[in-house]
A.B. asks: 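Have a look at this one.
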Amino acid sequence: MFAGLESRDKDPRKSLHLQEIDTPELGPGEAIVAVMASAINYNTVWTSIFEPVSTFGFLERYGKYSELTKKHDQDFHAVGSDLSGVVLRVGPGVTKWKPGDEVVAHCLSVELEDAAGHDDSMMDPQQRIWGFETNYGGLAELALVKANQLMPKAEHLTWRRPRRRGWSTPPRTASWSRTTGPG
């Protein structure tokens, strides 16, 4: 799509678009969150201009990791690594969160099965950035997160304030996604 163009000439509006997508199947340790606010950050911009690499390779590799992660390998990428919202459903084994809980999600998606990540999740060989290296991110109306990404939304904050710096905008349709490859 942007072959031969300098980074400054790549326009994210040409690769990001609104698209209806199916709600993913909920697996153990996961939650579906209705997104009330999200943010555009560097991960979103990099994904949209296919730099430093196309993230479809991340989705393909993650899709091969296990039966549970197959759902991430799609011909679209619902992007977004930030959200605040309301838990709609939780998967088996989720005990901390329940439907109706107001939450924010951080971007580290980690399997926590390898001992290397037990003391420091950043050392886990299966850590990924949610919405960048995984699908169903925070710029969708419904996002799929690991329950261990969730934190309670501070009660005194509005939906537009709980996220970090960046554009904080309510979702307008099913998903901002990318469906074209880099070529």
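The first residue in the sequence is number 1, and the count goes up from there.
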A.B. asks: Measure from the side-chain N and O atoms of Y62 to the backbone N and O of R128, and report whether any donor-acceptor pair falls under 3.5 Å.
C.D. replies: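 Answer holds: no.
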
A.B. asks: Tell me whether S54 contacts the main-chain N or O of F50 through its side chain, where contact means a donor paired with an acceptor under 3.5 Å.
C.D. replies: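 No, because the side chain of S54 does not come within donor-acceptor range (under 3.5 Å) of the backbone of F50.
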
A.B. asks: For A147, does its backbone N or O pair with a side-chain atom of K96 as donor and acceptor, under 3.5 Å?
C.D. replies: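 Side chain of K96 to backbone of A147: no pair is present.
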
A.B. asks: About how many Å separate CZ of F2 and NZ of K10, when rounded to the nearest 0.5 Å?
C.D. replies: 7.5 Å

A.B. asks: For E25, is the CD atom crowded, meaning more than 12 foreign heavy atoms sit under 6.0 Å from it?
C.D. replies: no

A.B. asks: Atom CG of residue position D119 - does it have more than 12 heavy atoms of other residues, nucleotides or ligands inside 6.0 Å?
C.D. replies: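 At most 12 heavy atoms, drawn from other residues, nucleotides or ligands, come within 6.0 Å of this atom.
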
A.B. asks: Please report the shortest heavy-atom distance between S109 and Q149, naming the atom on each side.
C.D. replies: CB-OE1, 4.1 Å

A.B. asks: Could you give me the CA-CA distance, side-chain angles and deciding distance for F58 and I129, then say whether side-chain contact (heavy atoms from CB on, under 4.5 Å) is met?
C.D. replies: CA-CA 10 Å; F58 295 138; I129 300 302; over 6 Å; no

A.B. asks: How long is the gap from CE on M36 to CD on E102, to the nearest 0.5 Å?
C.D. replies: 8.0 Å

A.B. asks: Determine whether a donor-acceptor pair (N or O, by modelled atom type, separation under 3.5 Å) exists between the side chain of N135 and the backbone of A78.
C.D. replies: yes

A.B. asks: To the nearest 0.5 Å, tell me how far I49 CD1 sits from L5 CG.
C.D. replies: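 One gets 10.5 Å once the value is rounded to the nearest 0.5 Å.
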
A.B. asks: Could you report the tightest heavy-atom contact between Q19 and H17, atom names first, then the distance?
C.D. replies: OE1-NE2, 3.3 Å

A.B. asks: Assess whether atom CG of D9 is packed by more than 12 heavy atoms of other residues, nucleotides or ligands within 6.0 Å.
C.D. replies: yes

A.B. asks: With rounding to the nearest 0.5 angstrom, report the CG to CD1 distance, L144 to I32.
C.D. replies: 5.0 Å

A.B. asks: Please determine whether residues L59 and Y65 belong to a single hydrophobic cluster, defined as Ile, Leu, Val, Met, Phe, Trp and Tyr linked transitively by side-chain heavy-atom distances below 4.5 Å.
C.D. replies: no

A.B. asks: Do you know which of V33, V87, V103, T134 makes side-chain contact (heavy atoms from CB on, under 4.5 Å) with V145?
C.D. replies: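 For V145, the side-chain contact (heavy atoms from CB on, under 4.5 Å) test succeeds with only one of V33, V87, V103, T134, which is V33.
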
A.B. asks: Would I21 and Q74 count as a side-chain contact (heavy atoms from CB on, under 4.5 Å) if you check the C-alpha gap in whole Å, the side-chain angles of each, and the deciding distance to 0.1 Å?
C.D. replies: CA-CA 10 Å; I21 60 173; Q74 301 290 335; over 6 Å; no

A.B. asks: Would you confirm whether D73, through its side chain, and K70, through its main-chain N or O, come within 3.5 Å as a donor-acceptor pair?
C.D. replies: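 Not a single qualifying donor-acceptor pair exists.
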
A.B. asks: Between S15 and S48 (side chain of the first, backbone of the second, donor and acceptor by atom type, cut-off under 3.5 Å), is there such a pair?
C.D. replies: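 A pair under 3.5 Å: yes.
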
A.B. asks: According to a 4.5 Å side-chain heavy-atom criterion applied to Ile, Leu, Val, Met, Phe, Trp and Tyr, with indirect links allowed, do V35 and L150 form part of one hydrophobic cluster?
C.D. replies: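 They do share one cluster, since a chain of ILVMFWY contacts under 4.5 Å joins V35 to L150.
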
A.B. asks: Do the side chain of W130 and the main chain of G138 share a donor and acceptor less than 3.5 angstrom apart?
C.D. replies: no

A.B. asks: Check for a donor-acceptor pair, side chain of S81 on one end and backbone N or O of C107 on the other, with a separation under 3.5 Å.
C.D. replies: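 No; zero donor-acceptor contacts below 3.5 Å.
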
A.B. asks: Checking N148 now: which residues fulfil side chain to side chain donor-acceptor pair (under 3.5 Å) with it, not counting sequence neighbours?
C.D. replies: none

A.B. asks: Would you check if the side chain of N43 reaches a backbone N or O of W46 as a donor-acceptor pair within less than 3.5 Å?
C.D. replies: no

A.B. asks: So how far is it from T55 OG1 to H77 NE2, rounded to the nearest 0.5 Å?
C.D. replies: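 These two atoms lie 4.5 Å from each other.
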
A.B. asks: Enter the distance from H72:NE2 to E60:CD here, rounded to the nearest 0.5 Å.
C.D. replies: 14.5 Å

A.B. asks: Can any side-chain N or O of S38 pair as donor or acceptor with the backbone N or O of L83 at less than 3.5 Å?
C.D. replies: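 Flag not set: sc S38 to bb L83 has no pair under 3.5 Å.
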
